[in-house]
Visitor: 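Have a look at this one before I ask anything.
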There are 2 protein chains.
Amino acid sequence: MTKEALSLKLHMRVADVLGMAILRGDYPAGTVLPPEMQLCEELGISRTALREALRGLIAKGLLESRPKRGTLVRDEVYWNHLDPDLLRWRIETTDTSTYLEKMFALRRATEPEAAALAARHALPENRAQLAADFQAMVDAGDDDAAWVEADLAFHRTVYLATRNEFFWPIGEMLAVSLRQMFSIAAQGSHRARAIAEHADLCSAIVEGKPDLARAASLTLLGNAVSDIDRVRTEGR
Amino acid sequence: MTKEALSLKLHMRVADVLGMAILRGDYPAGTVLPPEMQLCEELGISRTALREALRGLIAKGLLESRPKRGTLVRDEVYWNHLDPDLLRWRIETTDTSTYLEKMFALRRATEPEAAALAARHALPENRAQLAADFQAMVDAGDDDAAWVEADLAFHRTVYLATRNEFFWPIGEMLAVSLRQMFSIAAQGSHRARAIAEHADLCSAIVEGKPDLARAASLTLLGNAVSDIDRVRTEGR
DNA sequence: TGATTCTTATTTGTAATACAATATTACTTA
DNA sequence: TAAGTAATATTGTATTACAAATAAGAATCA
């Protein structure tokens, strides 16, 4: 068991190793993992640590275990693909270009509707937060890192402002995913246009105009598509 | 620790108890749970079982733990609200009428786009499955249970057929949620219309016509809204 | 006094061992 | 052959002991 990472606790490092192995395809769906005792030896850890790691993977839908039968990998259909850990394991094992496209398809489906819902149901504090996030984008100036963080915060706030908790995991997942994307390709292009678009979306939500918000979100995403393509061609 | 349920394994029953307690609001965000030893006594279980239950809840984003500091409840924003277990705990603790509306808002956002994606990317086996699911709806006749199951399978297949795994957890969650809904209010009304609408959606996807599929999904959902309202007024 | 460092105590984290429960497999028997 | 039964491997639970981390308080120093 190499210490490799900053995930302090042992069982979490073990979960990382096993999770990545599964995501990588080392154990296809239906496969049974090696018996606990054997895995303990291979990894050089106690059964306690291993089992706690397995419980985490089971909770995320990756595994399923029964006495005598063993611990087997469930069909991918049951995995919680929006889980931040899953996403992380995926990023570190599989090819990124394919999943960015899929991620964006989900975003395109949900974000305009989320914007409309936010315009309708957002609390005053949500609207204030959104305005603050937007202001941070403006204030970022030429600081790329600051701009990206503000951008991520802005879109995350949109999902939160729906006050519909079923939208939240999607927003969180997109935040993680987009951060990864931005770290690949440096930003800075079309920033003026981006600010104008975000301004439209922000005011539509703050002023409680659902249809305007949906439309603003759509145009914003429409333009972001080209950025995605740029990432896919340039970066990696 | 009462045996109460059919979840065979102890640590899973414990997870149910704690999960429901958290969902119910017994431990608001930021609260620290009682120390492990104390919880063990209260529940009458070993520390092993308790900790394995906690690892599961941590994996779902509900909890966070550190030495000395204790195990505390995270902000709801980080919970995996699409997780089947979370949904189940929620159904058994909180009021259903509120979340059905939210669930439907998510469905309205994602399903038309999922239908369009399915029409584009579905594998032959996906299309065959969808046709089979539709046929099962037709064959159900007056058998309410069979019809509901076929209906659930149909919509689940739509999400799978997108071949975009980020859509899958949503489809799974909706399946669980809709099953709960149907168990509240008996069905049977407008079945002829429902079959016609599903036929349109099915053929659009099978024949690979994205725009038609999206439109068919939208009309289908538009009519389903009234069913929801019916459920909310009649049932309970 | 105020800030800093050290000590202490509490809580989670990991290990090791033993046994129980369960389901597969193989065997036995009618 | 079929049904039932026993052997066996694997996960599930309990117990104990100790390690590690950190928050809080005590002691120290400027």
Visitor: Could you list all the salt bridge (charged side-chain N to carboxylate O under 4.0 Å, His left out) pairs where at least one residue sits in residues 57-72 of chain B, not counting sequence neighbours?
Guide: K60(B)-D83(B), K60(B)-D85(B)
Visitor: Send over the distance from M12(B) CE to dA21(C) P, rounded to a whole Å.
Guide: 18 Å
Visitor: What pairs with D26(A) under salt bridge (charged side-chain N to carboxylate O under 4.0 Å, His left out), at least two apart in sequence or on another chain?
Guide: R24(A)
Visitor: Between dA18(C) atom P and M37(A) atom CE, what is the distance in whole Å?
Guide: 11 Å
Visitor: Side-chain polar contacts of residues 43-52 of chain A - donor-acceptor pairs under 3.5 angstrom, sequence neighbours left out - could you list them?
Guide:
unit_1: S46(A); atom_1: OG; unit_2: T48(A); atom_2: N; d: 3.4
unit_1: S46(A); atom_1: OG; unit_2: A49(A); atom_2: N; d: 3.3
unit_1: R47(A); atom_1: NE; unit_2: E36(A); atom_2: OE1; d: 2.6
unit_1: R47(A); atom_1: NH2; unit_2: E36(A); atom_2: OE1; d: 2.8
unit_1: R51(A); atom_1: NE; unit_2: E52(B); atom_2: OE2; d: 2.8
unit_1: R51(A); atom_1: NH1; unit_2: E36(A); atom_2: OE2; d: 2.7
unit_1: R51(A); atom_1: NH2; unit_2: E52(B); atom_2: OE1; d: 3.2
unit_1: R51(A); atom_1: NH2; unit_2: E52(B); atom_2: OE2; d: 3.4
unit_1: E52(A); atom_1: OE1; unit_2: R51(B); atom_2: NH2; d: 3.1
unit_1: E52(A); atom_1: OE1; unit_2: R55(B); atom_2: NH1; d: 3.3
unit_1: E52(A); atom_1: OE2; unit_2: R51(B); atom_2: NE; d: 2.8
unit_1: E52(A); atom_1: OE2; unit_2: R51(B); atom_2: NH2; d: 3.4

Visitor: Could you tell me how far apart L63(A) (CG) and dT10(D) (P) are, to the nearest whole angstrom?
Guide: 17 Å
Visitor: Salt bridge (charged side-chain N to carboxylate O under 4.0 Å, His left out) with E113(B): which residues, sequence neighbours excluded?
Guide: R214(B)
Visitor: Can you tell me if the side-chain N/O atoms of H11(B) get under 4.0 Å from OP1 or OP2 in dG12(D)?
Guide: no
Visitor: Under the salt bridge (charged side-chain N to carboxylate O under 4.0 Å, His left out) test, which residues partner D151(B), sequence neighbours left out?
Guide: none
Visitor: Pull out every protein N or O sitting under 3.5 Å from an N or O of nucleotides 9-11 of chain C, one pair per line with the distance.
Guide:
unit_1: dT10(C); atom_1: O4'; unit_2: K68(B); atom_2: NZ; d: 3.1
unit_1: dT11(C); atom_1: O2; unit_2: K68(B); atom_2: N; d: 3.2

Visitor: What integer distance in Å separates R51(A):CZ from dA15(C):P?
Guide: 15 Å
Visitor: Considering only nitrogen or oxygen atoms on both sides, find all protein atoms under 3.5 Å from nucleotides 15-19 of chain D and state each distance.
Guide:
unit_1: dT15(D); atom_1: O4; unit_2: T48(B); atom_2: OG1; d: 3.4

Visitor: Given atom NZ of K9(B) and atom P of dA14(D), what is their separation to the nearest angstrom?
Guide: 15 Å
Visitor: Restricting to ring pair (Phe, Tyr, Trp, His ring centres under 6.0 Å), what partner residues turn up for W79(A), sequence neighbours left out?
Guide: H81(A)
Visitor: Sequence neighbours excluded, which residues qualify as salt bridge (charged side-chain N to carboxylate O under 4.0 Å, His left out) partners of R156(A)?
Guide: E172(A)
Visitor: When the distance from CD of Q38(A) to C1' of dT11(D) is rounded to whole Å, what number comes out?
Guide: 15 Å
Visitor: Strictly distance-based, threshold 3.5 Å: is any side-chain N or O of R13(B) a donor or acceptor partner for the main-chain N or O of L8(B)?
Guide: yes
